[in-house]
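Beneath this line is the structure, given in structure tokens, with notes to follow.
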Amino acid sequence: MFSWIFIFWFLQINKFVSAAIYNISSCYYKISEEFHREGDVVIGAFLPLHTFHTGKKKPHLTIPYYYLDNKIQYNFKNYQYILALQFAIEEINGNPNLLPNISLGFDFYNVRFTGKYILDITFNWLTALGDGNHIPNYNCKKRNFTAALTGTSWITSAQIGTLLQLFKFPQITFGPYDLLLSDRGQYPSLYQMAPKDTSLSLAIVSLMVHFRWSWVGLILPDDHKGNKILSDFREEMERKDICLAFVKMTSDAWTSYFYKFWENIDETNVTIIYGDIDSLEGVIRNIEQRLLTWNIWIMNIEHHVIDRADYFMLDSFHGSLIFKHHYRENFEFTKFIQRVNPNNYPEDIYLPKLWYLFFKCSFANINCHVLENCQTNASLDVFPRHIFDVAMNAESTSIYNGVYAVAHSLHEMRLQQLQMQPYENGKGMVFFPWQLNTFLKHIEVTDKKSLDWRQKIDTEYDILNIWNLPKGLGLKVKIGSFSANAPQGQQLSLSEQMIQWPAIFSEIPQSVCSESCGLGFRKVTMEGKAICCYKCTPCAVNEISNETD
């Protein structure tokens with residue numbers, strides 16, 4: 001009975017969405033994709049919210065975690081980035097003990113993942129020009145710029161950083177930690193908020209050992225990060241006698257060998273998927289479409305995995321496990337989301353679009369920023385989790401911490417200025433952005449994680465289990481944790497009774513190349529095969545084996 005009710009509910013949602021796609025108000029396109037919040041000092045935020053398509057794209061009728069018309073793809077999950085930015089600035093501006101009498105503002109620019117456009121909007125921000133007439137190293141509106149916030153892709157941050165580093169302009173990245181961006185020679189004023197992943201391979205291999213999984217697959221990007229983590233995994237696995245059934249490297253051109261990519265995917269029940277959201281998007285989407293429901297996927301990316309919905313009851317990722325850095329939950333952020341609406345935040349140009357799409361509002365004929373006939377008590381926290389999650393994710397946490405890092409740096413700089421010129425207390429801050437670097441290198445954010453790139457801050461992971469049966473349930477349940485600093489034998493903590501495995505398994509899945517050799521048999525390795533692959537042969541005369549394997 002539950003299944004049919006779920007299907008009926010789901011079809012109704014899709015029916016509404018499909019109709020909405022074909023009846024879009026012209027106001028939806030007229031509203032700018034950039035907006036600003038005034039402040040005495042301003043942060044530039046370069047965030048990926050939507051992408052323009054020039055090819056012949058068909059509308060996506062199931063509106064999973066994004067909305068796709070024939071021109072624009074919106075990622076509503078990424079809208080949380082803007083909310084984290086606004087939440088942090090609102091907290092700071094309301095704190096009398098942090099930057100008193102000085103307000104923080106921001107300029108938001110959507111990042112479209114094309115190099116020319118990214119450089120163009122960076123120039124626009126630095127020069128405060130909106131018409132493309134760039135005057136390098138000159139700010140036409142004399143605004144107090146502080147730092148640029150960039151991500152999620154390391155490529156985006158590197159492209160923007162190439163320009164900003166010419167002026168030693170402070171740059172805060174909120175995407176996954178990347179070794180290339182830590183090159184102080186090339187990026188002397190870039191600060192990565194995300195913790196490193198130096199303990200991730202140890203954490204995942206510890207899970208393999210716990211469940212006696214000795215035959216696993218590995219999918220990762222074909223780049224410097226993929227090569228580094230592959231080396232880490234090989235090292236940890238060799239110590240624990242775990243073998244790789246296959247290693248598959250993805251690249252921008254991976255679709256050219258699409259069928260070969262999946263050839264031996266069924267050789268193991270357990271596959272590790274490592275990478276960032278941008279590099280794994282195509283692979284994740286393809287796994288879903290192929291309904292590979294017998295595999296347990298072990299991943300390091302948290303959101304966007306179960307954020308799509310369609311007409312299938314089964315989900316390829318139900319029962320899979322996610323390793324994510326441990327962060328303290330921010331309950332105030334959830335309360336903040338509940339009061340976010342177009343009336344309270346009129347400068348936010350994305351809120352009218354969200355309210356128009358999901359709460360049956362209509363745009364006023366005269367002003368596209370004014371909404372009419374909306375549902376009462378509409379709020380972002382009523383969305384299903386596969387569309388929008390109110391819990392602060394890893395990237396949003398890095399944005400929040402990054403804004404606080406800038407605020408504390410400005411505060412220290414201001415105190416230093418007042419010590420040198422005590423009679424300037426009534427005036428606003430006057431500084432060059434590069435002066436902020438001295439303070440950013442030593443400041444600590446609110447959760448006590450140092451911004452110093454040399455410090456290891458990645459020792460704790462939460463382990464989440466995906467509960468997505470029936471598909472659309474979209475739960476990620478914490479079932480364990482890993483702490484690299486804990487004593488040997490106590491690093492991994494699991495609540496096995498809470499774990500939901502893929503529906504095909506009635507008990508803890510096994511993943512071995514060869515079955516164990518019982519009493520009276522011994523292992524014989526096979527030439528050209530991994531050490532985990534062997535055959536069992538009876539013991540010779542006058543020999544005995546009284547232990548398994």
Discussion item. Just by distance, no angles: are the side chains of Gln171 and Thr150 close enough, under 3.5 Å, to form a donor-acceptor pair?
Written reply: yes
Discussion item. For Val512 versus Arg212, what's the shortest heavy-atom pair and its separation?
Written reply: CG1-O, 4.1 Å
Discussion item. Could you check whether Asn437 and Tyr191, counting side-chain N and O atoms only, form a donor-acceptor pair closer than 3.5 Å?
Written reply: yes
Discussion item. Can you confirm whether the side chains of Asp178 and His224 place a donor and an acceptor under 3.5 Å from each other?
Written reply: yes
Worksheet item: Are Asn330 and Lys335 close enough that a side-chain donor and a side-chain acceptor fall under 3.5 Å?
Response: no
Worksheet item: Between Trp262 and Phe246, is the gap from one ring center to the other below 6.0 Å?
Response: no
Item to complete: Would you please indicate if the ring centroids of Phe174 and Tyr81 are separated by under 6.0 Å?
Response: yes
Item to complete: Indicate whether any N or O donor in one side chain lies under 3.5 Å from an N or O acceptor in the other, for Gln80 and Asp389.
Response: no
Fill in: Result of checking Lys478, Lys324, Lys476 against Asp462 for salt bridge (charged side-chain N to carboxylate O under 4.0 Å, His left out)
Lys478
Discussion item. Between His210 and Glu496, is there a side-chain donor-acceptor contact under 3.5 Å, judged purely by atom types and distance?
Written reply: yes
Worksheet item: How about Trp297 and His318: are their ring centroids closer than 6.0 Å?
Response: no
Discussion item. When you compare the side chains of Glu515 and Gln510, does any donor N or O come within less than 3.5 Å of an acceptor on the partner?
Written reply: no
Worksheet item: What's the shortest heavy-atom distance between Pro170 and Leu440, and which atoms?
Response: CB-CD1, 3.7 Å
Discussion item. Measuring centre to centre across the rings, with the benzene-like ring taken for any Trp, is Phe482 within less than 6.0 Å of Phe323?
Written reply: no
Worksheet item: Rounded to the nearest 0.5 Å, how far does CG of Leu200 lie from CZ of Phe233?
Response: 5.0 Å
Discussion item. Is it the case that the ring center of His325 lies less than 6.0 angstrom away from the ring center of Tyr461?
Written reply: yes
Worksheet item: Does a side chain donor of either Asn401 or Ser398 reach within less than 3.5 Å of an acceptor in the other side chain?
Response: no
Fill in: Geometric class of the Phe108/Tyr350 ring pair [parallel <30°, tilted 30-60°, perpendicular >60°]
perpendicular
